[in-house]
Amino acid sequence: MDPWFSNISALTELSSEAVLRLQTDGFIVMPGHVPPAELADVADSYDQAVSAATVEDMKIGSTTIRVSDFVNRSAQFDGLYIFPPILEAACCVIQQPFKLSTMHSRTLRPSMPAQRLHVDFAGDTQGWPMLGFIYMIDEFTAENGATCFIPRSQGMETPAGSFSLVRACGPAGSVIVFNGSVWHGHGPNKTDTPRRSIQGAYIRRSEISSADLPSRMLPQTLDRIDTLAKYLLAV
């Protein structure tokens with residue numbers, strides 16, 4: 001048995017109700033890693049990181065702007081992917097040793113339509129191989145495009161003919177954790193203000209990551225992060 005996975009498996013940070021909702025509905029919203037007094041600093045670090053990103057690390061999509069490699073952007077973000085409740089959630093969903101596949105910023109531009117519903121990683125015969133997380137740099141509301149989920153849709157090849165969408169709303173600093181096989185997509189941003197988040201995903205250690213994090217690790221990042229972070233980054 002992987003000793004790190006054994007330690008994570010022993011975590012009891014999530015309530016039994018939260019674990020049940022994650023297993024049944026496929027997603028939960030919970031308080032995040034950042035204390036309220038530090039949210040403004042994290043938001044400033046977010047804006048600085050996005051502004052400093054190279055063209056190669058930035059992807060401008062139809063509704064959002066994404067900047068990759070947020071494990072290297074600032075020490076402010078180091079605690080996000082080692083937050084024990086998220087690791088426990090990943091353990092519950094993936095049920096075997098896992099690693100961080102990606103962590104990036106995602107800014108939903110103002111006055112954008114809803115995203116097409118999709119899954120991030122289909123389930124297989126072993127179960128659900130991905131746990132995603134979305135940190136709310138800004139409050140997620142019905143007006144600014146909060147991520148919408150179809151509860152209990154994990155494992156569906158296509159959404160059922162009739163379904164109800166649930167918006168994952170929460171104050172800044174909250175985090176959504178979700179089964180990568182649940183159908184979801186951001187809602188329409190009806191405001192004139194961007195809506196910011198930091199997103200990431202864990203996958204089985206045997207899977208190929210969507211971002212080659214080990215090859216991009218900066219010496220200063222490796223010097224400051226702990227052994228758990230290095231394990232999750234597979235470095």
Open item on the list: Any non-hydrogen side-chain atom of Ser6 less than 4.5 Å from a side-chain atom of Ser9?
Closed with: no
- [ ] Kindly compute the distance separating CG (Leu233) from CD1 (Ile225), expressed to the nearest 0.5 Å.
- [x] 5.0 Å
- [ ] Run the ring-centre check on Phe27 versus His184 and record whether the distance is less than 6.0 Å.
- [x] no
Task: Within 6.0 angstrom of Ile60 CD1, more than 12 heavy atoms from elsewhere - done: no
Open item on the list: Please check: side-chain N/O of Asn144 versus main-chain N/O of Thr141, any donor-acceptor pairing under 3.5 Å?
Closed with: yes
Task: Donor-acceptor side-chain pairing of Gln126 and Gln96 below 3.5 angstrom - done: yes
Open item on the list: Could you tell me if Arg205 sits above the aromatic ring of Phe5, with its cationic atom closer than 6.0 Å to the ring centre and no more than 45 degrees from the axis?
Closed with: no
- [ ] Take atom CZ of Arg109 as the centre, draw a 6.0 Å sphere, and report whether it contains more than 12 heavy atoms from other residues, nucleotides or ligands.
- [x] yes
Task: CD/Gln220: more than 12 non-hydrogen atoms of other groups inside 6.0 Å - done: yes
- [ ] Supply the atom-to-atom distance His118 NE2 to Gln115 CD, rounded to the nearest 0.5 angstrom.
- [x] 4.5 Å
- [ ] May I ask you to check whether Gln199 and Ser197 show a side-chain donor-acceptor distance below 3.5 Å?
- [x] yes
- [ ] State whether the side chain of Gln154 and the backbone N or O of Ser181 hold a donor-acceptor pair below 3.5 Å, judged by distance alone.
- [x] no
Task: By salt bridge (Lys or Arg N to Asp or Glu O under 4.0 Å) - contacts of Arg66 (at least two apart) - done: none
TODO: Check for a donor-acceptor pair, side chain of Asp124 on one end and backbone N or O of Gly127 on the other, with a separation under 3.5 Å.
DONE: yes
Open item on the list: What's the separation between atom OG in Ser174 and atom CD1 in Ile134, rounded to the nearest 0.5 Å?
Closed with: 12.0 Å
- [ ] Taking Arg73 for its side chain and Ala52 for its backbone only, find out whether a donor-acceptor pair lies under 3.5 Å.
- [x] no
Open item on the list: Can you confirm whether Met136 sits close enough to Val175 that some side-chain heavy atom of one is under 4.5 Å from a side-chain heavy atom of the other?
Closed with: no
- [ ] Compare all side-chain heavy atoms of Phe83 with those of Val34 and state whether any distance is below 4.5 angstrom.
- [x] no
- [ ] State plainly whether the residues Asp69 and Arg216 are in salt-bridge range, i.e. N to O under 4.0 Å.
- [x] yes
Task: Pair Asn72, Thr221: side-chain N/O donor-acceptor within cut-off below 3.5 Å - done: yes
Open item on the list: For Lys59, is the NZ atom crowded, meaning more than 12 foreign heavy atoms sit under 6.0 Å from it?
Closed with: no
